[in-house]
Protein chains: 2
Amino acid sequence: MTTATSPRALEHPSREQISLEGVLHALSDAVRLRIVRDLAREGDALSCSYFDLPVTKSTTTHHFRVLRESGVIEQTYQGTAKLNALRKSDLDALFPGLLATVLTAAEAQADRQGVTERA
Amino acid sequence: MTTATSPRALEHPSREQISLEGVLHALSDAVRLRIVRDLAREGDALSCSYFDLPVTKSTTTHHFRVLRESGVIEQTYQGTAKLNALRKSDLDALFPGLLATVLTAAEAQADRQGVTERA
DNA sequence: ATGCTCGTACGATACTCGTCGTAGTACGGC
DNA sequence: GCCGTACTACGACGAGTATCGTACGAGCAT
C-alpha cells in the first residue's frame, strides 16, 4: 500500500516457459477443463464470477491460478473483477492445433456423456 | 492355465471408459510422455525393458500401469516379457487427432530444448 | 465514509502421486 | 530340478494437490 498499489502484478510464464507437460496437467482436471471450454466458447475474456463451478471460491481461485501458472490463461485486473482470457496465440505457436483438438475432444466427450443427463 | 492364452489378466478400460481427463493426466508426466513418444515412433509393441528410463524398475512399472489404466496403451504378456502398444485406434476414435497433436507438440518441445543438450 | 461484492491469502486436511527398496511370481533356458 | 531374467506387489515416504473455512484487501455504489 506504499508504492505498488494499483497494478497488482500477476505472475505469468513467458511463452518459452510454457511446458507441454504443464499444459496437459492443467487440462487434466475436470473443473479446469470446463473453465477452458467456457473461455473458448465465449472467445473473450471472462470474469471469475461468470463461472458457476461446483466448488467454493477458494478452490476456484486455486484452479485459475493453476491455469495461469501453466500458461493456459492470462489474467488481468479490471477493477474489482479479474478477467480471464485464453492464451490462444501462445499455445498455438508452441503446440499447433493442441488447444483446438483438446477442445473438440472435450466437446465430444461431453456429448457422449450428456445424452443421458443434460444440465 | 492351459486353455487360456493369458493366465495373468491385465485390466484394461474399454473404449467407452476412457476419459479425456485421464488421458491428459497420463500424458502430463515427462516419463510417460517419453514412453508414448517412443511407442509412437516405433509404431509397434515394445517390451518394458526396451525403454531406458531414468527411474527404477518399480517406478517404470507404475508408469506403465498408469498408461494402461488410463487407456493410452495396451499391455499383453509375451512369455516373461510384457508388450506395450499404443491404443491408437481407440484414442483416434474417441478424440480425433489428439494423439497426433500431442506427439507433434512433444517433438517440437523436445527440439526446442534439445538444441543445447543432445543425448 | 460505510458497506457490498469480488477475489486473495493463509492454514488445515485428506488424498493422490512419483519415487524407491525389497520381496515375490512367472517364464524360459541349463 | 535350478537359476536367471522380466516384471509385479507391497509398503513406505516426501511432495504435490484439491478441497474447504475464515479472514482480509481492493474497488464500486450509495
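Order of the sequence lines sets the chain letters (A, B, ...), proteins ahead of strands, with each chain counted from 1. Computed from a predicted model, the values in this text were never measured in an experiment. Below, each value reflects all heavy atoms present in this structure, side chains not excepted, and no hydrogens, waters or symmetry copies.
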Do Leu33(B) and Tyr50(B) sit in one hydrophobic cluster, given that two such residues count as connected whenever their side-chain heavy atoms are within less than 4.5 Å of each other, even indirectly?
yes

Could you please name the option among dA6(D), dT19(C), dA9(D) that lies closest to any side-chain atom of Val31(B)?
dT19(C)

Answer yes or no: side-chain N or O of Thr80(A) and base N or O of dG7(C) forming a donor-acceptor pair under 3.5 Å.
no

For Gln78(A) and dG27(D), give me the distance from atom CD to atom C1', rounded to whole Å.
12 Å

Counting only heavy atoms not in Arg37(A), do more than 12 sit closer than 6.0 Å to its CZ atom?
yes

Rounding to a whole Å, what distance do you find between Arg68(B):CZ and dC7(D):P?
13 Å

Closest to side chain of His25(A), choosing from dG7(C), dT17(D), dT22(D)
dT17(D)

Any base atoms under 4.0 Å from Thr60(A), or only sugar-phosphate, or nothing? Heavy atoms, all strands.
nothing

Provide, to the nearest angstrom, the distance between the NE2 atom belonging to His62(A) and the P atom belonging to dA18(D).
4 Å

Using whole Å, what does the distance between atom C1' of nucleotide dC24(D) and atom NZ of Lys57(A) come to?
11 Å

Once you round to the nearest 0.5 Å, how far does OG of Ser28(B) lie from CD of Glu21(B)?
12.0 Å

Nearest-0.5 Å distance, CG of residue Asn84(A) to OG of residue Ser47(A):
7.5 Å

How about CD on Gln78(B), more than 12 heavy atoms from neighbouring residues, nucleotides or ligands closer than 6.0 Å, or not?
no

Whole angstrom is fine here: how far is it from CZ in Phe64(A) over to P in dA18(D)?
14 Å

Side-chain N or O of Ser58(B) less than 4.0 angstrom from OP1 or OP2 on dT19(C)?
no

For Arg65(B) and dT16(C), what is the distance between atoms CZ and P respectively, to the nearest whole Å?
14 Å

Looking at every strand, decide which applies to Ser49(B) at a 4.0 Å heavy-atom threshold: base, sugar-phosphate, or nothing.
sugar-phosphate

Shortest side-chain distance from Cys48(A), nucleotide among dG7(C), dA6(D), dC20(D)
dG7(C)

Do the side chain of Thr59(B) and the base of dG18(C) come within less than 3.5 angstrom through a donor-acceptor pair of N or O atoms?
no

Taking only the side-chain nitrogens and oxygens of His63(B), find out if one of them lies under 4.0 Å from OP1 or OP2 of dT19(C).
yes

Can you tell me the distance, in whole Å, between the CG atom of Leu67(B) and the P atom of dG18(C)?
10 Å

Between P on dT19(D) and CG on Asp29(A), what's the gap in Å once rounded to a whole number?
6 Å

